[in-house]
S.K.: 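A single structure is presented below for examination.
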Amino acid sequence: MLAIIIPYYKLTFFEATLQSLAEQTCQDFKVYIGDDASPEDPTALLEQFQGKFNFIYHRFTTNLGGTSLTKQWERCIALSGNEEWLMILGDDDVLGENVVEAFYENLEEIKQNGCNVVRFATQIIKGGEKAISRIFEHPQFEKATDAFWRKFKGETRSSLSEYVFSRLAYSKYGFLDYPLAWHSDDMACLEFADEHPIFSTNNAQLYIRMSSESISGKVDNLALKKEASSLFYETIVKDYLSSFNKKQRLKLIAKLEQHYFEKKQKILFFKIVKYHLKYTTLLDLVKFFRRIYINK
């Protein structure tokens, strides 16, 4: 069975999220709503959805998402039972009416191919459900590193809501705790896949909301996003660089070089030298030294 986990905090668009769950053509799922001690009480709204779909609401007494969003996700997941599959749905995102149905229609094939990560097509919406992007579709089977690389190049997008993960993969890896959970979903896709392909269905889609209230839409948190990106790319290069070709490796190491030139951290310098020696060529290392000289 599928557990849909909603780490709740904002009421603004929550009704649309709940309505999309009530309208699912397949109701074989259970929703777990974890209220992060929000000042915006959703109980009156939730009363309107009693009996429309199966859900449990729990209000935490302390706010955790303000210090660690991934830990808030994890304690919300802990509310769930023993469902085999998990979706973490944003409290402002919207499911197309056949998302759950499409998941179950493909479940046999998903299991036959050992997939731990399932992905749906998406479209970005704003305000009153106005679409502001094309529909992003994906290959039916795709290596997690290839999916990451397409996003790296700006050919696609992704966010946590559009994925379903196996509980076993989640239990094995958990979420890396980057600031604002920025890139934590990207790393989860790489780790949870566990060397198996990501399975995608383009016959159902989620609508991902971009607003001034969302982490993605805010501009007053750029420093934290930058810090998270630095940590994320350090992890990518440390753990996954061998999965990419030379040209891709150079671009990923260049991300670390960019952070080095901004921070001038000696430990990062030695890491970059080590990665060049192991994964690129001596000439590429010399070019790095030359860039240091030019940037003095």
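From a predicted model like this one, the values you see are computed outputs, not experimental measurements.
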S.K.: So, taking the atom named CH2 in W73 and the one named CD1 in I6, what distance separates them when rounded to the nearest 0.5 Å?
M.R.: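 That separation rounds to 14.5 Å.
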S.K.: Once rounded to the nearest 0.5 Å, what's the spacing between atom CD1 of I236 and atom CG of L231?
M.R.: 12.5 Å
S.K.: When you measure from the side chain of Q24 to the backbone of G96, do you find a donor-acceptor pair of N or O atoms at a distance under 3.5 Å?
M.R.: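 Confirmed, Q24 side chain pairs with G96 backbone.
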S.K.: Take F103 and W85, measure what ring-ring contact (aromatic ring centres under 6.0 Å, His included) needs, and give me the verdict at the end.
M.R.: CA-CA 10 Å; F103 169 71; W85 297 91; 5.7 Å; yes
S.K.: Would a hydrophobic clustering, with Ile, Leu, Val, Met, Phe, Trp and Tyr connected at side-chain separations under 4.5 Å, put L206 with L18?
M.R.: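 In one cluster: yes.
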S.K.: With a 4.5 Å heavy-atom cut-off, do R150 and H138 have their side chains touching?
M.R.: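 Heavy-atom side-chain distance check passes, below 4.5 Å.
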S.K.: The test is salt bridge (charged side-chain N to carboxylate O under 4.0 Å, His left out); show your working for K111 and E84 and say whether it passes.
M.R.: CA-CA 11 Å; K111 290 184 174 182; E84 187 179 357; 3.3 Å; yes
S.K.: Check whether NZ of the Lys or CZ of the Arg K278 lies under 6.0 Å from the centre of the six-membered ring of Y275 and within 45 degrees of that ring's axis.
M.R.: no
S.K.: Just wondering, are more than 12 heavy atoms of other shown residues or ligands nearer than 6.0 Å to CZ in R134?
M.R.: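 Above 12, so yes.
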S.K.: Once the angle between the rings of W149 and F152 is folded into 0 to 90°, is it parallel (under 30°), tilted (30 to 60°) or perpendicular (over 60°)?
M.R.: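 W149 and F152: parallel rings.
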S.K.: Check C26 against F29 and note the closest heavy-atom contact, atom names and distance.
M.R.: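 That closest heavy-atom pairing would be O-CE2, 3.4 Å.
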S.K.: Indicate yes or no: at least one non-hydrogen side-chain atom of E109 is less than 4.5 angstrom from one of Q140.
M.R.: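 They are in side-chain contact.
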S.K.: Side chains of Q19 and E23: is there a donor and an acceptor less than 3.5 Å apart?
M.R.: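 Q19 vs E23: donor-acceptor pair found between side chains.
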S.K.: Ring-plane angle category for H183 and Y233, please: parallel below 30°, perpendicular beyond 60°, tilted otherwise.
M.R.: perpendicular
S.K.: Got Q123 and I208 here, is their nearest side-chain heavy-atom distance under 4.5 Å?
M.R.: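 They are not in contact (no side-chain heavy atoms under 4.5 Å apart), so the answer is no.
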S.K.: For the side chain of T67 and the backbone of L64, is there at least one donor-acceptor N/O pair under 3.5 Å apart?
M.R.: yes
S.K.: Any side-chain heavy atom of I88 sitting closer than 4.5 Å to one from Y163?
M.R.: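 A side-chain contact under 4.5 Å is absent here.
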S.K.: Verify the neighbour count for atom CD of E195: are there more than 12 heavy atoms of other residues, nucleotides or ligands below 6.0 Å?
M.R.: no
S.K.: Taking atom NZ of K251 as the centre, does the number of heavy atoms from other residues, nucleotides or ligands within less than 6.0 Å exceed 12?
M.R.: no
S.K.: Tell me if the CD atom of E108 is crowded by more than 12 foreign heavy atoms within 6.0 Å.
M.R.: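 Counting other residues, nucleotides and ligands, CD of E108 stays at 12 neighbours or fewer.
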S.K.: Please determine, by modelled atom types, if K151 and S158 share a side-chain donor-acceptor pair under 3.5 angstrom.
M.R.: yes
S.K.: We want to know whether E257 and H276 form a side-chain donor-acceptor pair, criterion being a heavy-atom distance below 3.5 angstrom.
M.R.: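 Yes, H276 and E257 have a side-chain donor paired with an acceptor closer than 3.5 Å.
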S.K.: Start with the C-alpha distance between F165 and M87, add both sets of side-chain angles, then the distance that settles side-chain contact (heavy atoms from CB on, under 4.5 Å), and finish with yes or no.
M.R.: CA-CA 6 Å; F165 304 111; M87 169 186 279; over 6 Å; no
S.K.: Any side-chain donor paired with an acceptor under 3.5 Å for Y170 and N116?
M.R.: no
S.K.: Applying the side chain to side chain donor-acceptor pair (under 3.5 Å) criterion to R119, which one of E137, E142, E162 satisfies it?
M.R.: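 The side chain to side chain donor-acceptor pair (under 3.5 Å) with R119 is passed solely by E142 among E137, E142, E162.
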S.K.: Side-chain contact test, heavy atoms from C-beta onward, threshold under 4.5 Å: evaluate it for K30 versus M1 and give yes or no.
M.R.: yes
S.K.: Please check if the number of heavy atoms outside I267 that lie under 6.0 Å from its CD1 is greater than 12.
M.R.: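 No - once you tally the heavy atoms of other residues, nucleotides and ligands closer than 6.0 Å, there are 12 at most.
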S.K.: Between R209 and T17, does any side-chain donor sit less than 3.5 Å from a side-chain acceptor?
M.R.: no
S.K.: With side-chain hydrogen bond (donor to acceptor under 3.5 Å, both in side chains) as the test, would you mind laying out the steps for Y8 and Q72 before giving the verdict?
M.R.: CA-CA 10 Å; Y8 168 78; Q72 163 63 356; over 6 Å; no
S.K.: Between Y260 and F288, what is the ring plane arrangement, given parallel below 30°, perpendicular above 60°, and tilted in between?
M.R.: perpendicular
S.K.: Using a 3.5 Å distance criterion without hydrogens, assess whether the side chain of Y104 forms a donor-acceptor pair with backbone atoms of L2.
M.R.: yes
S.K.: Between I56 and I5, is there a shared hydrophobic cluster once you connect ILVMFWY residues whose side-chain heavy atoms come closer than 4.5 Å?
M.R.: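 Yes, one cluster joins them.
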S.K.: With a 4.5 Å heavy-atom cut-off, do C76 and H58 have their side chains touching?
M.R.: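 SC-SC contact between C76 and H58 ruled out.
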S.K.: Hydrophobic clustering (ILVMFWY, side-chain heavy atoms < 4.5 Å, transitive) - are V31 and V118 grouped together?
M.R.: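 Same hydrophobic cluster.
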S.K.: When rounded to the nearest 0.5 angstrom, what is the spacing between CD in Q265 and CD1 in I272?
M.R.: 10.0 Å
S.K.: Are F53 and F55, when compared by the centres of their aromatic rings, separated by less than 6.0 Å?
M.R.: yes
S.K.: Please say which of D185, D186, T235 ends up in a side chain to side chain donor-acceptor pair (under 3.5 Å) with Y178.
M.R.: T235
S.K.: Transitively linked via ILVMFWY side-chain contacts under 4.5 Å: V164 with L89?
M.R.: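 Linked, V164 and L89 end up in one cluster.
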S.K.: Does R75 qualify as a cation-pi partner of F60, given the criterion of NZ or CZ under 6.0 Å from the six-membered ring centre and within 45 degrees of its axis?
M.R.: yes
S.K.: Regarding Q205 and Y207, is there a side-chain donor-to-acceptor distance under 3.5 Å anywhere?
M.R.: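 Yes, because at least one side-chain N or O of Q205 sits under 3.5 Å from a partner of the opposite role on Y207.
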S.K.: Checking T25 against E101: is there a side-chain donor and acceptor pair closer than 3.5 Å?
M.R.: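 Side-chain D/A pair, E101 to T25: present.
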S.K.: Please determine whether the number of non-hydrogen atoms from other residues, nucleotides or ligands lying under 6.0 Å from atom CG of N295 exceeds 12.
M.R.: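 Yes, CG of N295 has more than 12 neighbouring heavy atoms, counting only those of other groups under 6.0 Å.
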S.K.: How far does CZ of F199 sit from CG of N113, to the nearest 0.5 angstrom?
M.R.: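 These two atoms lie 8.0 Å from each other.
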S.K.: Would you check if I125 and I132 make a side-chain contact, meaning some heavy-atom pair closer than 4.5 Å?
M.R.: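 No, their side chains stay 4.5 Å or more apart.
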S.K.: Any link between L250 and L241 through a network of hydrophobic side chains (Ile, Leu, Val, Met, Phe, Trp, Tyr) touching at under 4.5 Å?
M.R.: no
S.K.: How about CD on Q27, more than 12 heavy atoms from neighbouring residues, nucleotides or ligands closer than 6.0 Å, or not?
M.R.: yes
S.K.: Could you verify whether a donor N or O on one side chain and an acceptor N or O on the other, from Y9 and D91, lie under 3.5 Å apart?
M.R.: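 Note: Y9 and D91 side chains miss the donor-acceptor criterion.
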S.K.: Check each of L69, L224, T70 against L180 using the side-chain contact (heavy atoms from CB on, under 4.5 Å) test, and report the only one that passes.
M.R.: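 Exactly one pass, corresponding to L224.
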S.K.: Has K52 got more than 12 heavy atoms of other residues, nucleotides or ligands less than 6.0 Å from its NZ?
M.R.: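 Yes.
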S.K.: Hey, are the side chains of S229 and W182 touching, using non-hydrogen atoms and a 4.5 Å cut-off?
M.R.: yes
S.K.: Between K226 and E262, does at least one N-O distance fall below 4.0 Å, as a salt bridge requires?
M.R.: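 Salt bridge flag = yes for E262 with K226.
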S.K.: What residues form a salt bridge (charged side-chain N to carboxylate O under 4.0 Å, His left out) with D93, not counting sequence neighbours?
M.R.: none
S.K.: For E83, is there any backbone N or O sitting under 3.5 Å from a side-chain donor or acceptor partner on R167?
M.R.: yes
S.K.: Ignoring hydrogens and geometry beyond distance, is a side-chain donor-acceptor pair present between E191 and Y240 at under 3.5 Å?
M.R.: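 Absent: no donor and acceptor within the cut-off.
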S.K.: Compute whether any side-chain donor of one residue and acceptor of the other, for S38 and D35, lie under 3.5 angstrom apart.
M.R.: no
S.K.: Would you please test K246 and D284 for salt bridge (charged side-chain N to carboxylate O under 4.0 Å, His left out) and show each step?
M.R.: CA-CA 11 Å; K246 184 195 171 185; D284 294 313; 3.5 Å; yes
S.K.: With rounding to the nearest 0.5 angstrom, report the CD to OG1 distance, Q248 to T145.
M.R.: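 Taking CD in Q248 and OG1 in T145, the distance rounds to 8.0 Å.
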S.K.: Looking just at side-chain N and O atoms, do R157 and S159 make a donor-acceptor pair shorter than 3.5 Å?
M.R.: yes
